[in-house]
Structure formats: structure tokens, C-alpha cells
Amino acid sequence: MPELLEVERYREVAVTTIGRRITSVHAPDRWFLKGGLDADGLRAATVGTTVAAVRRHGKVLLVTLDSEAVLGLRFGMTGRLVVDGRAPIEALEYGPAIERPEWDRVTLEFADGGPLRLNDPRRLGGVELDPDLRRLGPDAWGLGLSALRRALAGTASPVKAVLLDQSRIAGLGNLLTDEILWRAGLDPARPAGGLTEVELRRLQRAIRTTLPQLYAQGGSHTGVLQAERHDDGRCPRDGAVLVRRTIGGRTTRSCPVHQR
DNA sequence: CCGGATGTTCACCT
DNA sequence: GAGGTGAACATCCG
């Protein structure tokens, strides 16, 4: 999905639906509804209610209704949010530039204003009623040192795999994780539980500074490593040819010189 | 034509 | 039990 920076932009446009009453729901794709939810159940839980709050945890957008039901919206890799015809992100980095109506997986229509649509070509996202937030770790934005220490403790898994694990820390995806580890000067394959206190501080600082900076620049793909994500890509810091590996199931690029 | 791409989940191994 | 791998979802792009 979009990583937490992109979902944060979705949140900003979604808050404009607060106070608006839902008049109808379209959910033609059964597969997109998660946790045993079907279109009738979604309709019963939402139609006639008013949007009371919109917030984000990790990569999940949470729409709270005045019935106290909560809709959890996930965007997979290619999910777009469109509200009142406004798409905060027109084209995702790895998604199609165009938008087709048949890719609208869930649509909420309101008594006033245009609809909220989740448009997802690849159907990797989903919508859930009352998602279990206990399955998510603390949000990566503003993550403190003690929370990071807790998240990494007690596992020999590669630090990158742990940063990607949404139940440990919520919000980081593949691009952000590579960028953060590059900035922290840490090898993504290092066992998470084996970091020294000094390294933990470096990592926490990289998380704390990278997220607002890339957010201000326009998203997860605006890191300095992004332009070098190809064969023969070189480290922007010291010029070494970047190493490409699979860690945590994802393509990982890192500098063999300064990431140790 | 083939392989891979900001993600999650699950079955199946080791 | 902890981790890792591959498949599935479906489309676009180089």
C-alpha cells in the first residue's frame, strides 16, 4: 500500500466527510470485504449513520461512525482514495496512472457532497468492520526510543523484517524501511535483538526525522535511495555499488560500506 | 514474453 | 515455536 505517509494524505482528505450522513454503500467485490463481512452487513452497519471521526494507525485508515462502529480501510499496494472526486495521490509509484470505475471496490455515498471511493486495481486492499487494532504495533510516526527498543527486543529476525512487521511497528513499508536503515547506517540483515544502545538511538532518530521529511517532500518514494533502486545503483553517501537482497520477503537495497 | 513492483495473509517447510 | 518461502490477489511497466 501506500505506506503510512500516503495513508496520512488519504486521512487528510477523508476528514472532510466528518459530519456527513451515509445514504448508500456499494461493495460489489465480495473478496474485498474482510473478516466475514459482506455487502449486506456493511450496508447495515453504515447506511443512516454519520461519520464521527477519521484517524490513521499505521497503514490503516479508520472511519468511526456515530454508531461507534469503525470501518478499517486498507489500501494494499495500489489502493487509491477518492473523496468528492479529489484523489490526493493520482498515481501510486507502482500502480497504473489511470483510474477505472470497475476498480472501485467500496463506495460510500453521502447526503451531501460527493462519494468516498476506494479504487484498487489489484484488489490487494480491503475493508473491515471493527478491525482488531491490538494486532498492530505502535505507530511509526513519532515512535519513541523505549517503544522501538521493545519492538526489536527478543528476536533474531533481521531488523528490516521486524520494522516491516506491522504487529511490531505499524506503518513502515519496503521503501521507507530501506531509506531509514540507510540513514541509520545499519545493515538490514542485522539481528534485531542484537543492536547496541547506540545503534538503537541512531535508528530511532532516523525514523523520527525521515518520516516528516519524506512526508513534506511528497511521499515514501522521495528518499535519497529511491533513484538508486536499480541494478548498478550506487550509495549516495559513499558511491559504493548497492547490494540487492531479499530480506523479510522483500527486495532490499543497502550499502555494503556504511551500513554495518 | 517475463519478471517485478509502496502489501497482507495463509499454507507449508525447516 | 520461531522463521523462512511461495502463492494468491491483478495490473502495469521496462
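Predicted, not measured: the structure shown is a model, and the values here were computed from it. Numbered from 1 within each chain, the chains take letters A, B, ... in sequence-line order.
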Ignoring hydrogens, what is the shortest heavy-atom contact between [X] and [Y]? Give both atom names and the distance.
X	Y	answer
A:Pro188	A:Arg245	CD-NH2, 3.7 Å
A:Phe32	A:Arg123	CE1-CA, 4.0 Å
A:Leu129	A:Ala45	CD2-CB, 3.8 Å

Under 4.0 Å between a side-chain N/O of [X] and OP1 or OP2 of [N], yes or no?
X	N	answer
A:Lys34	B:dT8	no
A:Arg80	B:dT6	no
A:Trp103	C:dT11	yes
A:Thr251	B:dA5	yes

Atom-to-atom span, [atom1] of [X] to [atom2] of [N] - whole angstrom:
X	N	atom1	atom2	result
A:Asp120	C:dA10	CG	C1'	9 Å
A:Met77	B:dT9	CE	C1'	14 Å
A:Ile247	C:dG4	CD1	C1'	13 Å
A:Arg122	B:dT9	CZ	P	16 Å
A:Leu4	B:dT6	CG	P	16 Å
A:Glu128	B:dT9	CD	P	8 Å
A:Tyr215	B:dT6	OH	C1'	16 Å
A:Arg105	C:dA10	CZ	P	8 Å

Original post:
Any donor-acceptor pair under 3.5 Å linking the side chain of A:Gln259 with the backbone of A:Leu186?
Top reply: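 Yes, the answer is positive, given that a donor and an acceptor are paired below the 3.5 Å cut-off.
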From [options], pick the nucleotide closest to the side chain of [X]?
X	options	value
A:Trp31	B:dT6, B:dT8, C:dC9	C:dC9
A:Glu3	B:dG4, C:dC12, B:dT6	B:dT6
A:Pro121	B:dG4, C:dT11, C:dA10	C:dT11
A:Leu175	B:dT9, C:dC9, B:dT6	B:dT6

Report which part of the nucleic acid [X] touches: base, sugar-phosphate, or nothing (heavy-atom distance under 4.0 Å, all strands).
X	result
A:Pro158	sugar-phosphate
A:Ser157	sugar-phosphate
A:Thr155	sugar-phosphate
A:Ala161	nothing

**OP:** Is it possible for you to say whether A:Leu33 and A:Leu65 belong to one hydrophobic cluster, with membership spreading through side-chain heavy-atom contacts below 4.5 Å?
**Re:**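 In one cluster with A:Leu33: A:Leu65, yes.
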Original post:
Shared ILVMFWY cluster between A:Val82 and A:Met77, side chains joined below 4.5 angstrom?
Top reply: no
**OP:** Assess whether atom CD of A:Glu68 is packed by more than 12 heavy atoms of other residues, nucleotides or ligands within 6.0 Å.
**Re:** no
Original post:
When the C1' atoms of C:dG4 and B:dT6 are considered, how many whole Å apart are they?
Top reply: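 Straight-line distance between the two C1' atoms is 22 Å.
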Subject >> Span that lies between the P atom of B:dT8 and that of C:dG1, in whole angstrom >> reply: 24 Å
Original post:
Do A:Asp139 and A:Arg55 sit within salt-bridge range, that is, some charged N less than 4.0 Å from a carboxylate O?
Top reply: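 Answer for the salt bridge query: no.
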Original post:
Taking a pair as Watson-Crick (N1 to N3 plus N6-O4 or O6-N4) or G-U wobble (N1-O2 and O6-N3), both under 3.5 Å, which stems of 3 or more consecutive pairs involve DNA chain B?
Top reply: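 As far as DNA chain B goes, consecutive pairing (with distances under 3.5 Å) yields the stems B:2-5 with C:11-14, B:7-14 with C:2-9.
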Subject >> Syn/anti label of B:dT8 as read from its glycosidic torsion, with the cut at 90° from 0 >> reply: anti
